[in-house]
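Encoded as structure tokens, the structure appears first; notes follow it.
Starting from 1, each residue takes its place in the sequence as its number. Both counts, for ligands and for their atoms, begin at 1 and track the order of listing.
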Amino acid sequence: MHILWFRRDLRLSDNEIVALSTADNAEVLPCFIIDPWFYQQAEVGKARVRFLFEALEDLDRNLKSRGSQLYLLEGNSLSVIQGLTRQLLQKGDRPKLFFNQDVQVQYGIERDLQIINYYKQHNLSYHQGLNNFLQTDGERRDDWMEEYYTYLRQPLHLTPEHINTPQLQLDIPQITFSDLKQKYSQFWETENTYFSGGETQAIATLNSFLDSRFHGYHWKISRPWLTQQGATSHLSPHLTFGTISVRQVYQSTKAKAAELASNPKVQFSLKAFRDRLRWHDSFTQRLYFHPELVDTNRYPEFDEYYSPAELSEEKQELFAAWKEGQTGFPLVDASMRQLKTMGWMNFRMRAMCATFLCINCGISWHHGAEHYMRHLVDGDLAYALLNINNKQQQQRTYFFA
Ligand SMILES: Cc1cc2nc3c(=O)[nH]c(=O)nc-3n(C[C@H](O)[C@H](O)[C@H](O)COP(=O)(O)OP(=O)(O)OC[C@H]3O[C@@H](n4cnc5c(N)ncnc54)[C@H](O)[C@@H]3O)c2cc1C
């Protein structure tokens, strides 16, 4: 029996652990753990939780169409994996655990280490795959670009047509989708949904981008109204939750470019888009090697300006105005209201509002990043924090130069 543990890789296509665990028609138990820890974090917001639940439902549907199903388990991730493994051992199985490596906050890093230790202590095998490209050997950082593009050009992992999942009576807490939505209804109840979760939707979004929306990407990316209408891909939440792989997006984009090879404008747009996919992975990589950047300044000379310390009363007022889109600066206000309504802003507006907060209001990026994380449907530590940390310090340097 193979335990197939989905985390931020909620897809069947181009997924290393799906391809490997299901090979040779092996028995597989696909699962996702609803860990209460996640829902208690200050930066967790409605848009992201809703997207996650939709992605899980879609994964379950896609598994069912292949003769399988998603086991939705509930509890502390470490205890759940240990309990599940114990039960399978008692039934006479020697389970092998499959999960993809991810860039984690401290909770996730410790959890994964403990799970690996547990498997080693019990002499059980496990396989840690890759969700997207990640270089784990710090000694080879100079070869990053070469290794990165080698990975992107490799064939996609195959999607199984059938998945062999036996019906199991498990004596560990499980939750149904309807109970899940009821239990976390404070996240679920949103008026409008601008981004729907799931692999099926991810593929549809990629296709619609490559059908027509990508034309003029390189200049439209700086026009907030056009980007809201779909001039950029809107794939970011899908990449955040792994409902599609960067490699699949990259290869589809290359195929489109080859199809329209004689059109230089198309080549320019698609190249600009592919470069951003690389930014995505390079930020993840940076967080992997520098997890301290989640709460420390990139350059220590900024420590006197930026800290997570509580804000003075005057700053609290400014911060509240920024969050509510009430600063009196129309472009900032429109963008901040868009963030609250839609859970999304385009790249330039994210940078501009962050700059406004840090430089014009003198409020640390720590506070702004938490607000971004709580509202962005694609909220991801690697991008929200590192982008804001990085950008503000670069721009502050220009500002004082
Ligand atoms: C202050 C700040 C905070 C940000 N926070 C996040 C975040 O929490 N989550 C997130 O996914 N992106 C974040 N970004 C990056 C970027 O703004 C979004 O990825 C992009 O706007 C999402 O829209 P899209 O998918 O239509 O992008 P597209 O323009 O279609 O780009 C395609 C993909 O490339 C990647 N990408 C694009 N721009 C960047 C960038 N600047 N850095 C890293 N990757 C990029 C994303 O994965 C995106 O989905 C942030 C940028 C800034 C300046």
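The proximity of Asp378 to ligand 1, defined as any non-hydrogen pair under 4.0 Å, involves the side chain as well as the backbone. Residue contacts with ligand 1, taken as heavy atom pairs separated by less than 4.0 Å, do not involve Phe209 at all. Heavy atoms of Leu376 found under 4.0 angstrom from ligand 1 belong exclusively to the side chain. Residue Phe283 touches ligand 1 through its side chain alone, judged by heavy-atom distances below 4.0 Å.
Annotation: cation-pi pair Arg247/Tyr151 present, NZ/CZ under 6.0 Å from the ring centroid and within 45° of its normal. A cation-pi arrangement is present between Arg276 and Trp279 under the rule of less than 6.0 angstrom and at most 45 degrees off the ring axis. A cation-pi contact links Arg286 to Phe283, judged by a cut-off of 6.0 Å to the six-membered ring centre and 45° from its axis. For the pair Arg278 and Tyr148, the cation-pi criterion (under 6.0 Å, within 45° of the ring axis) is not fulfilled.
Considering only non-hydrogen atoms, atom 19 (O) of ligand 1 lies nearest to Ser236 out of Ala231, Ser236, Pro237, Cys353. Taking each of Tyr217, Trp365, Trp279 in turn, the one with a heavy atom nearest to atom 31 (O) of ligand 1 proves to be Tyr217. Remark: among candidates Leu357, Leu277, Val377, the nearest residue to atom 33 (C) of ligand 1 is Leu277, based on non-hydrogen atoms. Taking each of Arg48, Arg350, Met373, His375 in turn, the one with a heavy atom nearest to atom 17 (O) of ligand 1 proves to be Arg350.
Every atom of ligand 1 with a heavy atom of Ala351 under 4.0 Å away is listed here by number and element: 53 (C). Interface atoms of ligand 1 facing Tyr372, defined by a heavy-atom separation under 4.0 Å, are 1 (C). Of all atoms in ligand 1, numbered sequentially from 1 with element shown, those under 4.0 Å from a heavy atom of Leu239 are 47 (O), 49 (O). The distance from ligand 1 to the heavy atoms of Trp344 drops below 4.0 Å at these ligand atoms: 22 (C), 23 (O), 26 (O). Below 4.0 Å from some heavy atom of Gly379 lie the following atoms of ligand 1, by number and element: 8 (O).
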Exercise. Start with the C-alpha distance between Glu370 and Arg374, add both sets of side-chain angles, then the distance that settles salt bridge (Lys or Arg N to Asp or Glu O under 4.0 Å), and finish with yes or no.
Key: CA-CA 6 Å; Glu370 190 177 305; Arg374 199 173 304 132; 2.7 Å; yes

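Around CD of Gln182, the count of heavy atoms belonging to other residues, nucleotides or ligands within 6.0 Å does not exceed 12.
On a distance-only criterion, Ile221 and ligand 1 share no N/O pair closer than 3.5 Å. Between His234 and ligand 1, a contact under 3.5 Å exists for at least one N or O pair.
For Trp365 and Tyr305, the ring centers sit 6.0 Å or farther from each other. Less than 6.0 angstrom separates the ring centroid of Phe241 from the ring centroid of Phe51. Taking the six-membered ring for Trp, Phe53 and Phe187 have ring centres at least 6.0 Å apart.
At least one heavy atom of Met345 sits under 4.0 Å from some atom of ligand 1.
Here Arg50 pairs with Glu54 in a salt bridge; the nearest charged N to carboxylate O distance falls below 4.0 Å.
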